[in-house]
Structure formats: C-alpha cells, structure tokens
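Before any comments, here is the structure.
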Amino acid sequence: MPHIVAKNIEVPQLPLNRGEFEYLWVAKALNGDEQLVGVRYKDLRFLLKIKPKEGRYVIKGDKITRPAPTYILKEALKNFCEAARCEVLYDNLSTIKPSHVQKAREFLKDIDYFIHQFPKHKEVWIEVGFGSGRHLLYQAKTHPDILFVGIEVHKPSIEQLLGQIALQKLDNILVLDYDARLFMEFVPSNIVGKIFVHFPVPWDKKPHRRVISKAFLTEAKRVLKPGGVLELRTDSKNYFDYALEIFLDEPKAKMEVTKNIEPPISSKYEDRWVRLGKDIYDIRFENLESSEELVLDMDFSFKGGTQKETLIKLMGQTKVYDDYFVHFHKLYEIDEKRYLMELSFGSFDRPEHKYLLMQEDTIEYFPKPPVPSKANKKAHIKIEEALHA
Ligand SMILES: C[S@@+](CC[C@H](N)C(=O)[O-])C[C@H]1O[C@@H](n2cnc3c(N)ncnc32)[C@H](O)[C@@H]1O
C-alpha cells in the first residue's frame, strides 16, 4: 500500500485545488486520533488517512475508497504532502508509468463496468474460478466469436491470466476480481451460452461458501439462453451428489451426467487428480426456458438528513437479519454540520464497505452508491430507517 511516513504535517486550509486533485475537507475521528481527507480526481472520489504513530504520521490511502490504478493514489499522496509541508522520513511512492498500468489492465474490469455496461454484442461464456486459466485460454482461442468473462477471487491467478491474455494476444476475455455468486445477479437475462464451474472448492465443512447453491442455479438459469449449459466438473463425489440434488430439485430439468470422460483440455487440478487415480464427474445442466429481462434497482438515495445524536448512538451497532446485516463503525466529524460514517452491510459473503457522507440535510454513500444486489437493497432500507429513527 503506498504511504508516506512524516515527522510533521500541517493540514492546509481545505478545500484546496492542486493540479488535477481537489482536497475537499478533513474529517476527524470522534473516537480515535486518525483523520480522513476527502479527495476528488476527475470523476473519482477517495480518502487519504492520516494516522499518528509513535511521534510520527503515517499518511496513506484509505482501503475502502482506494482508487485504481494505484498511481492516482501515489500522486494524491505526494501532492497532499507537499501542500501540508510534510517532513518526509520515508515513502514508497515511486510511480509506474500510467501507460504500462493501463496496458496490462485493459482486460481487467470492475463490477461497475458489468453493472452499467455489460457487453451484449456477442454471446457470453462465463468461467467461475478459472485458477491457472488453462481452460479459459483454450476456450477463448478455440471460440474467437464468443466473449469470455473469467471470474476469480485469487489475485495471483488473475495476474497470471492477464499476463497470458497479453502474451497470447487474445481480445475476447474480460477478467473480474469478484465473488462469482454475487456477480450472477448483475448479468442480463438470456445472453449466456455456457457457464463453467470446474473443480470448485468443495468446502465440505462450510457448505454455505460453495459456488453451487439453489440461488446460484436460479441466477444461472436466468442468464443462460434457452439451450445454454451450466457445466460442473468435480473430483469430489460429495460435491457431485450435493449439486445433483439441487439440480434435480428443479421442477423441470434436462441434464447429462458423465464420469471420467476426457475433456478437450484438462486443468492443473484435473491433471493432479487423474494422476492420483481419482474419478472425475461432470454434470451439464441445460436451461430450457427464456427468462424475463433483468431490471436492477439502482436507487440508493436517502430522504432528508440525520442528527449527530443519532449517529453517535449508531456507532459500533450491528444489526443482523436473515441473509444480510448492517454494521455502523466509526464516526468522523468534518465540522458541526458535516459527518462521515464508516459502515459495512449486505451479504455475509461479500459485504459492502462504504462511508455515509452527511452534509446539512443530505446523506449520500461515499465514494459512490453500493452495487445493486438484493442484499444491499434490503440493507439500505434498514440503514435509512436507522438514520431517521
Ligand atoms: C480448486 S480451484 C480450481 C481452478 C480451476 N477451475 C481448475 O480447474 O484448475 C477453485 C478456484 O475457484 C476460485 N473461487 C472460489 N470461490 C469463488 C467464488 N465465489 N467466486 C470466484 N472464484 C472463486 C478459487 O480462488 C480457486 O482459484
């Protein structure tokens, strides 16, 4: 994480414009000694954190609002420290040229891209948890007219795949660092030809973390076009039985089950299991019906403002509901009329971490509204109720 360690810092009068950066305000923790500086850069908003530590100050980007690519944060830190006359003792801000960053990351998209501009010009095939990427790269080379979306949560695998995409000059793979189970909620209906779930983590002790579930199947059926296929491949008999039961629970279903059939390309995992003499199971679940169009409810606005006393009462409170939660963390004060509150909410598997910015009679999510997932919508209603209590 880029940061600066300084002996002294004099926070300048804000707001302050410096080059392309606008430093908006400074918010002081009510229970604690850190300060947050609001920054605007083009259409991005984020926070810098100033934390006193052993007679020095550590100035870094705030994790929740961290902008991408990293060079923006490095420039914002450098620029702010110049304005704040920091006596710098140490920094790790050597800048990578934006053009390099841009090139390597061209195929890495964030979840907002898929929510607002999901590419629909081509048939889409999705691979969940691509790992080494061997299968995804093979499929993308074999089917140049298909647009592939690879989803992973393991960052080294993502880096490795991005390198291979550039090396092999492929232009039909988009990569997303996100939980595939939530991603499915944002995929338009009837546009996907195949969904590959190959060797998912069995999670025998924590089955709620499995990729395949009743909810996942419901979304898979919605996004698959009629005739589209969800393909599960696993070495775990336990996972196979579990998934088959979910698939058979559907009122109408068509599927093909095979065992130890050689695939066109085998993954690293598969090679290992085959070497160990394990059986490999496949289920190909075919979608039979066309689904209604997806409509995402994007309204995360608040009606009216709130009171400081309400915010103080909410600090540290957690509210847990069936399949979502809301937790109010720290409160920061900008001035008598403006506050910033850190909170997390939504699904237990993929919680949202945000701030609420309260100015005069308005409340908004900072730096931007949450993703329009079902869990976030439900949590938003509870947050609004709590703020207006
Ligand atoms: C056992 S590996 C299999 C990798 C690859 N499919 C193969 O066959 O070699 C499972 C992969 O799924 C990823 N994964 C697990 N849960 C995930 C989720 N909810 N969303 C996206 N990826 C996930 C893991 O990071 C891991 O790379």
Side-chain angles (χ1 to χ4, degrees), residues 107-111 113-115 124-140 142 148-165 173-187 192 194-220 223 229-240 242-243 246 258 260-276 278-284 323 346-352 371 373-375:
F107 299 105
L108 180 64
K109 302 289 183 196
D110 64 10
I111 192 65
Y113 169 83
F114 289 100
I115 291 170
V124 173
W125 290 11
I126 295 171
E127 176 148 358
V128 171
F130 53 73
S132 70
R134 210 195 271 179
H135 174 264
L136 183 53
L137 291 163
Y138 165 82
Q139 291 288 1
T142 314
F148 288 83
V149 180
I151 310 160
E152 243 308 332
V153 287
H154 183 238
K155 296 198 183 346
S157 299
I158 292 171
E159 291 301 327
Q160 192 183 327
L161 181 71
L162 288 171
Q164 283 301 318
I165 293 173
I173 304 182
L174 298 177
V175 184
L176 173 66
D177 174 359
Y178 208 69
D179 188 318
R181 295 170 295 178
L182 253 189
F183 167 74
M184 296 294 282
E185 284 193 30
F186 310 123
V187 181
V192 178
K194 287 195 182 177
I195 303 170
F196 302 105
V197 183
H198 286 181
F199 301 93
V201 183
W203 290 117
D204 284 337
K205 292 202 177 116
K206 293 181 180 167
H208 66 279
R209 298 193 64 175
R210 288 175 176 159
V211 168
I212 301 282
S213 66
K214 193 153 181 52
F216 183 86
L217 181 62
T218 304
E219 292 297 334
V223 309
V229 169
L230 166 62
E231 186 177 292
L232 169 68
R233 193 162 172 76
T234 180
D235 57 288
S236 160
K237 176 71 166 52
N238 200 12
Y239 204 106
F240 166 82
Y242 156 85
I246 290 174
T258 52
N260 296 333
I261 299 289
E262 223 169 281
I265 181 94
S266 68
S267 76
K268 268 192 183 171
Y269 271 85
E270 178 154 13
D271 286 352
R272 188 190 303 162
W273 300 138
V274 170
R275 267 200 307 275
L276 292 172
K278 285 189 93 175
D279 290 324
I280 309 290
Y281 305 89
D282 285 285
I283 309 178
R284 269 174 287 276
D323 53 354
S347 76
F348 301 108
D349 298 323
R350 180 90 199 184
E352 279 276 356
V371 296
S373 68
K374 293 182 184 104

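The first residue of the sequence shown is numbered 1, and numbering continues consecutively from there. Everything numeric here is computed off the predicted structure, so don't read it as measured data. Read the numbers this way: they start at 1 and go in the same order the structure lists the ligands and their atoms.
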Taking every non-hydrogen atom, the tightest pair across [X] and [Y]:
X	Y	answer
Glu270	Ile265	OE1-O, 4.5 Å
Lys237	Tyr281	CD-OH, 3.4 Å
Ser373	Leu182	CB-CD2, 3.8 Å

**Asked** Just wondering, do Asp282 and Arg233 contact through their side chains at under 4.5 Å, heavy atoms?
**Response**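 Side-chain contact under 4.5 Å: yes.
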**Request:** Look at Asp349 together with Arg209 and state whether they make a salt bridge at an N to O cut-off of under 4.0 Å.
**Result:**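 No salt bridge links Asp349 with Arg209.
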Would you mind listing each N/O atom of ligand 1 next to any protein N/O under 3.5 Å, plus the distance?
| residue | atom | partner | partner atom | Å |
| --- | --- | --- | --- | --- |
| ligand 1 | 6 (N) | Gly129 | O | 2.8 |
| ligand 1 | 6 (N) | His198 | O | 2.9 |
| ligand 1 | 8 (O) | Ser267 | OG | 2.9 |
| ligand 1 | 9 (O) | Ser267 | OG | 3.1 |
| ligand 1 | 19 (N) | Asp179 | OD1 | 3.0 |
| ligand 1 | 20 (N) | Ala180 | N | 2.9 |
| ligand 1 | 25 (O) | Glu152 | OE1 | 2.8 |
| ligand 1 | 27 (O) | Glu152 | OE1 | 3.4 |
| ligand 1 | 27 (O) | Glu152 | OE2 | 2.4 |

**Message:** For Tyr239 and Tyr242, take the angle between the two ring planes, folded into 0 to 90°, and tell me which bin it lands in: parallel under 30, tilted 30 to 60, perpendicular over 60.
**Reply:**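 Perpendicular.
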